[in-house]
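The structure appears right after this line, and notes come after that.
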Amino acid sequence: MDSHKSIQNLSIPELDVDAVRKDFPILQTTIHDKPLIYLDNAASSQKPEFVIKTINNYYSYEHSNVHRGIHHLSQQATQQYEQAREKVANFIGANHSHEIIWTRGTTEAINLVAYSWGQNNLKQGDVIIISTCEHHSNIVPWQLICELTGATLRHLPLDSHDKSFNLNKLAEMLTPNTRMIALTHMSNVLGTITDLSKVVELARHNGSLVLADGAQSVPHIPVNVAELGIDFLAFSGHKMLGPTGIGCLYGREELLEDMPPYQGGGDMIETVTMSQSTWNQLPYKFEAGTPNIAGAIGLGAAVDYLEHLGMESVRAHSHKLNSYAISALSEIDQISIYGPRNPSVRGGVFSFNHADIHPHDLGQVLDSKGVAIRAGHHCAQPLMAELGVGSTARASFYIYNTQSEIDELCAAIKSAGEFFSK
Amino acid sequence: MDSHKSIQNLSIPELDVDAVRKDFPILQTTIHDKPLIYLDNAASSQKPEFVIKTINNYYSYEHSNVHRGIHHLSQQATQQYEQAREKVANFIGANHSHEIIWTRGTTEAINLVAYSWGQNNLKQGDVIIISTCEHHSNIVPWQLICELTGATLRHLPLDSHDKSFNLNKLAEMLTPNTRMIALTHMSNVLGTITDLSKVVELARHNGSLVLADGAQSVPHIPVNVAELGIDFLAFSGHKMLGPTGIGCLYGREELLEDMPPYQGGGDMIETVTMSQSTWNQLPYKFEAGTPNIAGAIGLGAAVDYLEHLGMESVRAHSHKLNSYAISALSEIDQISIYGPRNPSVRGGVFSFNHADIHPHDLGQVLDSKGVAIRAGHHCAQPLMAELGVGSTARASFYIYNTQSEIDELCAAIKSAGEFFSK
Amino acid sequence: MLDELYKEIILDHYKSPRNRGKASKVDFHAHGVNPLCGDDIELTLTVDRDIIEEVKFDGHGCSISQASASILTETLVGLTLDQAHTKIEHVKSLFKGNDIVTEDLGDIEALQGVRKFPVRIKCATLAWNALQLSLQNSATGQSTAYSDE
Amino acid sequence: MLDELYKEIILDHYKSPRNRGKASKVDFHAHGVNPLCGDDIELTLTVDRDIIEEVKFDGHGCSISQASASILTETLVGLTLDQAHTKIEHVKSLFKGNDIVTEDLGDIEALQGVRKFPVRIKCATLAWNALQLSLQNSATGQSTAYSDE
Ligand SMILES: Cc1ncc(COP(=O)(O)O)c(C=O)c1O
Ligand SMILES: Cc1ncc(COP(=O)(O)O)c(C=O)c1O
């Protein structure tokens, strides 16, 4: 598979990382007088000038509320806002732009499905399956709706050896009562990529729906909902070069049509009387109140930027960095990496622990050298329990990261090792 | 009352409107080759350079995810983000900054209360009171929760004469079963300002809570939740010079403490296991997932800007424009204004109709002259029904509007009248 | 620019609407609302052996929606139901700017100005959409008002 | 800058923790967790006629939380419960930078470096908060673990 990948890569243009880096103002800055080495991309990515300028321009010259206005600014804002929706729909291969619902981010998108779909479709005896390596965003909403409806939440254990999803195990768990399988498409701790097509195949057999948490996958690998055959996809703008406060729920038209609204208010209604209301059509039924207009337009610009680079190239760059990181980190004796070693089945998220240094201390020492990593439970406490740790250190890469930054990371880890053994 | 106001005004510094206008890049632009006259502020305000630059700067040099990071950027972002919360808390006179919950806007804030508070506190026989002149955001969420819990939604009719709230009528409606009175603080159609202290007084007698929809009031008049004694206040950043996608719910600490979470996910939890979760403390319990960080920081900057002008001065400017608008619009025979004529009991929102021109046509003609107004039902269909119209035209003012712009508005209306009678 | 939207013909139909009222014998009834604008249009048709004998409209709304309804009444009278179907489809796509004009369209041509004013397209199509839905419904035996938002 | 946080004394307490383990006789028990970091500390105290005779700690976490717990055990031994109360309050406000030092604080002084590292203050205060809650709970008869997030 690996050699197949590299042959395939021949035809994919390589990212011009130097050029990319110039597009990101923050990468020109220093932290504690050291050049910033930003390796916290799984938490949130940085923003290119192009996205920042789009937002700036919008607020400076084009802002107005959308949808209801007859005046020029309002029409123009509406048009840009809806174009952004089309861009996102294209980007993930949705059939219709009204299958894209704007949300605050992945978390709200999953809450929307859990609540709106769950309220109408779940009852005692029904089962929702999630895995042990989900982000809290893909655990807690299901706990809440199960409590409300009496449905049962089951979790797919990870393969005890390499902590990947065990699809045979999933097949065994499925029953006609399984209503939803909600899995991360790429783990924000282990980096593992889920074979969603296989999951969908299994689910179809049992009449279950599939929701994919795309928070980590959509920014980093080509994702096509139609090809994958999934029913729902949730992701966040801020992890894919876009602004904060905007994200998307993709849902298949028929499913969204059947779901009751989530929040009530302006824009999501057709008619309101004091005694009752009727709902607007998709996507507006799920978008109550003034939306994050600048956020949506900014995310549209981020999609433009990513498409300009090409998602195949983005993935190829990640693949290259991953291979390099695995060997480089493996050379440090005290470091143990969690997650798969094969760069073809993982994204650029590396969680690890140092035998002698607590992740918090490691993060602190690295920060003093300008290297930004994350330390903690990464909103994945059940996975931490499974791994038998309280927390991990995590370095995560994106389009602007380089092999020499990985060298710096490793050098900083080594020097932290010396500091704590001095 | 009016003369008292003008005496009081002597000590309030007047807005330097010319200077203010220079702060707004969009006001330097033209629409259809005419200078933009932006009178759609009740829908959304424009943004000063100061706010735009704050956002620009944040994304260019300071962005990172908040709360969980040990590295410099994350700490800095967290600090700015929490400072913004403190600014907002101060701005509205909250006792604690953790009484400020970030939401997408007014709509989400009201949905949060209706769902989270309502779920725990409402049952068959309980009554929620709203008024006939509410925005859909303060109607639909209550309809949804009443349907879920079996509580009853009653509406306070407007005074048949001047369409103000009839507080005697409210007193009559209250019973020990009244759990919540949810009223707009300033109508987005009529401009009427609600005497919330009186409402609170009545509510206290009956043990009811009071929620104020501050979408129109917080941007335009000094609002102090402690002085008013209200329990909840909802408002939107985008109507008060801030970014889109951010708003606030203020809630009294004891009430928020007792409420279950709204959305589930990262940040809002303390511990998660596969079988159950425990909730984080205020305000984080209600803030699941990565928040709109740039939005919050941008709103903080908007609050700085408004405080720099002084909310008393903002109100005085509005008072002046309102007086002027009432006389100027009254001079046009075909125009009928809805809402009170006394500038002291109203904000700068003017809904009106033209005897010979449909609001849409009026909006269209005005747009061709660079004058941006709104035409439609303003998300207040029950009020439209009460007024006996399908829609109205609406001009709404803010700190950068001038008397000469009102002159232009009137001239444009007159010329539209000629166009349609030609 | 404004003149393209508000052509003389449109203003004339708005000020002196043709066929306002209710058909003498109601074989088809169509109701269209645009809750956003508050536009509300009722169409009533008398049909004799598949031929539209009379079309009337009532209701209120902006100049574009009213003029368009007025023009509709003049356009469809005398057509068979099948011809009316085809006509409605054609007119709708003209408003949206999808079709090129090859025939003489009479007053409908004046309505094409809405193409440049995207938010007003809904105003122009309201009556046409409502009637289309009514004709479809009567084929399937349903009865719902057309609502545009 | 780093050296201010990781003073020699801190690293020494981290690498050679004092009083690790469990008190011989458990009169007070305190449990503190910081779910965010995964820090987890257990304190056990032997108290004789109001005087703290023995303090031991167990658990895991970052250098700051562990060193702070180690220092706590040395600081509180020999004090009365009342004195311990006062001490805890004082130490907590020192960490937060609210108080000025007027006395000799011994190893606690080394922990003051956290003031410049706001996110680490929680690590430094964890053991102290947990013990404070335990003492309060025992006064009111409750029993809950201290949890910091
Ligand atoms: C009185 C009132 N309430 C609620 C809202 C809804 O605010 P938002 O759309 O920002 O959620 C608005 C504005 O649209 C309003 O004017
Ligand atoms: C896998 C995964 N799911 C969900 C989320 C939640 O995303 P957000 O916080 O943007 O809602 C994240 C990131 O925090 C994530 O990595």
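By convention in this document, chain letters (A, B, ...) are assigned in the order of the sequence lines, proteins followed by strands, and residues within each chain are numbered from 1.
In terms of heavy-atom proximity, B:H71 sits nearest to A:I373 at CD2-O, 3.2 Å. Taking each heavy atom of B:G266 and A:S137 in turn, the nearest pair found is N-OG, 3.8 Å. The two residues A:T29 and B:Y61 make their nearest non-hydrogen contact at CG2-CD2, 3.6 Å. The two residues A:P141 and B:G264 come nearest to each other via the heavy atoms CG-O, 3.5 Å.
In this structure, the portion of A:I55 lying under 4.5 Å from any heavy atom of chain B is its side chain and not its backbone. Residue A:T106 does not touch chain B at all, counting heavy-atom pairs closer than 4.5 Å. Only the side chain of B:H135 has a heavy atom closer than 4.5 Å to any heavy atom of chain A. Looking at A:L36, the atoms closer than 4.5 Å to chain B (heavy atoms on both sides) all sit in the side chain, from C-beta outward. Within the 4.5 angstrom heavy-atom criterion, only backbone atoms of B:V66 (N, CA, C, O) approach chain A. Using a 4.5 Å cut-off between heavy atoms, A:N292 contacts chain B through both its backbone and its side chain. If you measure heavy-atom distances from A:I139 to chain B, the contacts under 4.5 Å come from the side chain alone. If you measure heavy-atom distances from A:T103 to chain B, the contacts under 4.5 Å come from the backbone alone. In this structure, the portion of A:H155 lying under 4.5 Å from any heavy atom of chain B is its side chain and not its backbone. Using a 4.5 Å cut-off between heavy atoms, B:M384 does not touch chain A at all. In this structure, chain A has a heavy atom under 4.5 Å from the side chain of B:I31, while its backbone stays farther away. Only the side chain of A:H32 comes within contact range of chain B, with at least one heavy atom under 4.5 Å from a heavy atom of that chain. Using a 4.5 Å cut-off between heavy atoms, B:P243 contacts chain A through both its backbone and its side chain. Within the 4.5 angstrom heavy-atom criterion, only backbone atoms of A:A375 (N, CA, C, O) approach chain B. For chain B, the nearby part of A:S131 is the backbone; its heavy atoms alone come within less than 4.5 Å. Only the side chain of B:L148 comes within less than 4.5 Å of a heavy atom of chain A; its backbone N, CA, C and O stay farther away.
In this structure, a donor-acceptor pair under 3.5 Å is absent between the side chains of B:Y59 and A:E49. Side-chain polar atoms of B:Q143 and A:Q276 form no donor-acceptor pair below 3.5 angstrom.
In this structure, the separation between CG on B:N57 and CD1 on A:I52 is 9.5 Å, given to the nearest 0.5 Å. Here the straight-line distance linking atom CZ of A:R104 with atom CH2 of B:W102 works out to 12.5 Å at 0.5 Å rounding. Distance check: B:D367 CG to A:Q75 CD gives 7.0 Å after rounding to the nearest 0.5 Å. Atom OH of A:Y38 sits about 4.5 Å away from atom OG of B:S64, to the nearest 0.5 Å. One distance of note links OG of A:S74 with CG of B:D40; it measures 7.0 Å at 0.5 Å rounding. Atom CD1 of residue B:I269 and atom SG of residue A:C379 lie 6.5 Å apart, to the nearest 0.5 angstrom.
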Step-by-step side-chain contact (heavy atoms from CB on, under 4.5 Å) determination, A:Y262 to B:L144: CA-CA 9 Å; A:Y262 180 52; B:L144 293 174; over 6 Å; no
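Here B:H360 is the residue among B:Q364, B:K53, B:H360 with the most heavy-atom pairs under 4.5 Å with chain A. Of all the listed residues (A:N41, A:I110, A:L27, A:T290), the one sharing the greatest number of non-hydrogen pairs under 4.5 Å with chain B is A:T290. Note: A:A288 leads A:G295, A:G376, A:A288 in heavy-atom pairs under 4.5 Å with chain B. Contacts with chain B were tallied for A:E134, A:K239, A:M274; A:M274 has the most, counting heavy-atom pairs under 4.5 Å. Among A:S277, A:S275, A:G363, A:A380, the residue making the largest number of heavy-atom pairs under 4.5 Å with chain B is A:S277. Taking chain A as the reference chain and counting heavy-atom pairs below 4.5 Å, the highest number among B:G247, B:G245, B:S60 is found for B:S60. Looking only at heavy-atom pairs under 4.5 Å with chain A, the residue among B:H238, B:Q46, B:E62, B:E108 that has the most is B:E108. The residue among A:G289, A:P25, A:S236 with the most heavy atom pairs within less than 4.5 Å of chain B is A:P25.
Two rings, from A:Y115 and B:Y115, have their centers less than 6.0 Å apart.
Checked by atom type and distance alone, the side chain of B:Q381 pairs as donor or acceptor with a backbone atom of A:V272 at under 3.5 Å. B:H63 places a side-chain N or O within 3.5 Å of a backbone atom of A:S45 that can act as its donor or acceptor partner. With B:N65 contributing its side chain and A:S44 its backbone, the two residues share no donor-acceptor pair below 3.5 Å. Under the 3.5 Å distance criterion, the side-chain polar atoms of A:T244 are matched with a main-chain donor or acceptor of B:I293.
Heavy-atom contacts from other residues, nucleotides or ligands closer than 6.0 Å to CD of B:E147 number 12 or fewer.
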